[in-house]
Amino acid sequence: MQTCLLLGDGGGRLDGLAPALSCLGCACERAPRDVESFCAREAERGLALIGAAEGSLRALLLAERYPVEALVLVGCPLRPRGRSPLRRRAEHNLFCVVADLLVIQPLCDAQMLPRGADVLLRGVNSRRRKRLDLGRDFADMWINCKQPLIEAILDFLQPENDAKRLARPRETW
């Protein structure tokens with residue numbers, strides 16, 4: 001069973017995703033108080049990080065430090081380069097992230113330019129990487145495109161039967 005950590009932007013947008021993920025067989029957790037120890041504990045059993053807006057920056061920083069299987073970023077505001085040190089650090093250390101990657105971006109949002117998705121797809125080390133453009137802006141993506149968004153996330157998180165994967169530390173051959 002895979003654990004999915006939902007890192008939202010405070011708007012409660014990811015709450016509608018939890019029932020669909022539990023039907024898939026994933027245990028859903030909303031960001032606990034001590035996210036670092038949660039990720040350290042769950043990374044050995046299989047962890048997927050799902051971040052929306054500013055939560056996607058947190059997901060990137062956690063994926064940099066802990067081994068995660070999948071990383072789903074919905075509207076990651078990486079570019080244009082901001083004055084935020086958090087954004088600069090997330091963009092600078094993308095090469096440290098090793099996970100399957102799904103980037104979902106709106107088409108015309110001034111805060112989330114398409115170049116940001118390109119930077120993520122080129123920078124993250126992943127076996128599977130996918131980009132999906134939905135909606136005009138971030139709000140339209142969550143209002144008018146919610147069902148395709150959820151379906152894309154569920155499709156991406158379903159395990160592949162014949163997939164190659166790296167051995168985990170305690171796995172024997």
Side-chain angles (χ1 to χ4, degrees), residues 1-78 86-87 90 97-109 111-112 114 116-117 120-121 124 126-161 163 165:
M1 173 185 274
Q2 186 176 26
T3 303
C4 293
L5 181 61
L6 305 176
L7 299 164
D9 60 344
R13 291 180 178 97
L14 290 177
D15 292 341
L17 191 59
L21 287 170
S22 63
C23 290
L24 189 63
C26 297
C28 288
E29 289 287 330
R30 286 164 186 82
R33 287 184 184 205
D34 191 8
V35 175
E36 298 281 332
S37 64
F38 177 82
C39 288
R41 183 178 61 247
E42 293 295 325
E44 292 181 6
R45 294 181 233 158
L47 180 63
L49 300 176
I50 302 173
E54 293 297 324
S56 59
L57 290 175
R58 289 180 61 201
L60 273 173
L61 294 172
L62 288 169
E64 170 193 328
R65 298 183 71 197
Y66 301 102
V68 297
E69 291 182 4
L71 185 60
V72 177
L73 305 174
V74 182
C76 185
L78 267 187
L86 186 65
R87 288 184 187 190
V97 178
V98 179
D100 291 343
L101 177 66
L102 172 63
V103 179
I104 303 173
Q105 290 284 104
L107 291 171
C108 302
D109 197 327
Q111 297 295 320
M112 300 167 200
L120 286 168
L121 292 170
V124 172
S126 60
R127 180 179 46 85
R128 286 188 323 155
R129 56 185 86 177
K130 185 176 179 182
R131 176 184 176 169
L132 182 62
D133 295 321
L134 283 176
R136 290 185 316 272
D137 57 9
F138 191 68
D140 182 53
M141 182 172 52
W142 285 102
I143 294 170
N144 295 328
C145 304
K146 188 173 184 177
Q147 189 60 34
L149 177 77
I150 291 173
E151 288 173 5
I153 294 171
L154 292 177
D155 184 49
F156 186 77
L157 290 178
Q158 287 182 347
E160 295 178 336
N161 294 337
R165 59 186 176 87

Novice: Are the side chains of Leu132 and Val103 in touch, meaning some heavy atoms are under 4.5 Å apart?
Specialist: no
Novice: Testing the basics here: between Ala63 and Val68, what is the closest heavy-atom pair and its distance to 0.1 Å?
Specialist: CB-CG2, 3.8 Å
Novice: In terms of side-chain geometry, is the basic nitrogen of Arg131 or Asp133 positioned less than 4.0 Å from the acidic oxygen of its partner?
Specialist: yes
Novice: Rounded to the nearest 0.5 Å, how far does CZ of Arg129 lie from CG of Leu102?
Specialist: 13.0 Å
Novice: Say you draw a straight line from CZ of Arg13 to CE of Met141; how long is it, rounded to the nearest 0.5 Å?
Specialist: 8.5 Å
Novice: Phe38 versus Arg33: any side-chain heavy-atom pair under 4.5 Å?
Specialist: no
Novice: From Leu73 CG over to Leu121 CG, what is the distance, rounded to the nearest 0.5 angstrom?
Specialist: 9.5 Å
Novice: To check you understand the geometry: which heavy-atom pair defines the closest contact between Ile150 and Gly16, and what is its length?
Specialist: CD1-O, 4.2 Å
Novice: Go through the steps for Val98 and Ser126 under the test side-chain contact (heavy atoms from CB on, under 4.5 Å), then give the verdict.
Specialist: CA-CA 6 Å; Val98 179; Ser126 60; over 6 Å; no
Novice: Between atom CG of Leu17 and atom SG of Cys28, what is the distance when rounded to the nearest 0.5 Å?
Specialist: 6.5 Å
Novice: Side chain to side chain contact (heavy atoms under 4.5 Å, CB included) with Ile50: which of Leu7, Leu6, Leu5?
Specialist: Leu6
Novice: Yes or no on side-chain contact (heavy atoms from CB on, under 4.5 Å) for Cys4 and Leu157, after CA distance, side-chain angles and deciding distance?
Specialist: CA-CA 9 Å; Cys4 293; Leu157 290 178; 4.0 Å; yes
Novice: Please round to the nearest 0.5 Å and tell me the distance separating atom CG of Leu101 and atom CG of Leu60.
Specialist: 8.0 Å
Novice: Looking at every non-hydrogen atom in both residues, tell me the closest pair between Pro19 and Asp15 and how far apart they are.
Specialist: CD-O, 3.6 Å
Novice: Quick check: closest heavy atoms across Val74 and Trp142, and the distance to 0.1 Å?
Specialist: CG1-CZ2, 3.6 Å
Novice: Would Asp137 and Cys108 count as a side-chain contact (heavy atoms from CB on, under 4.5 Å) here? Give the steps.
Specialist: CA-CA 6 Å; Asp137 57 9; Cys108 302; over 6 Å; no
Novice: So how far is it from Leu62 CG to Leu71 CG, rounded to the nearest 0.5 Å?
Specialist: 9.5 Å
Novice: Indicate yes or no: at least one non-hydrogen side-chain atom of Arg65 is less than 4.5 angstrom from one of Glu36.
Specialist: yes
Novice: Looking at every heavy atom in both Gly75 and Gln105, which two are closest together, and how far apart are they?
Specialist: CA-OE1, 3.3 Å
Novice: Is there a side-chain contact (heavy atoms from CB on, under 4.5 Å) between Leu107 and Arg136? Walk through the geometry before answering.
Specialist: CA-CA 5 Å; Leu107 291 171; Arg136 290 185 316 272; 5.8 Å; no
Novice: Verify whether one side chain among Tyr66 and Glu42 offers a donor that lies under 3.5 Å from an acceptor in the other.
Specialist: no
Novice: Please step through salt bridge (charged side-chain N to carboxylate O under 4.0 Å, His left out) for the pair Lys130 and Asp100, ending with a clear verdict.
Specialist: CA-CA 9 Å; Lys130 185 176 179 182; Asp100 291 343; over 6 Å; no
Novice: Quick one: are Cys39 and Leu47 in side-chain contact, heavy atoms under 4.5 Å?
Specialist: yes
Novice: So, for Cys145 and Gly135, which heavy atoms are closest and what is the spacing to 0.1 Å?
Specialist: SG-N, 3.7 Å
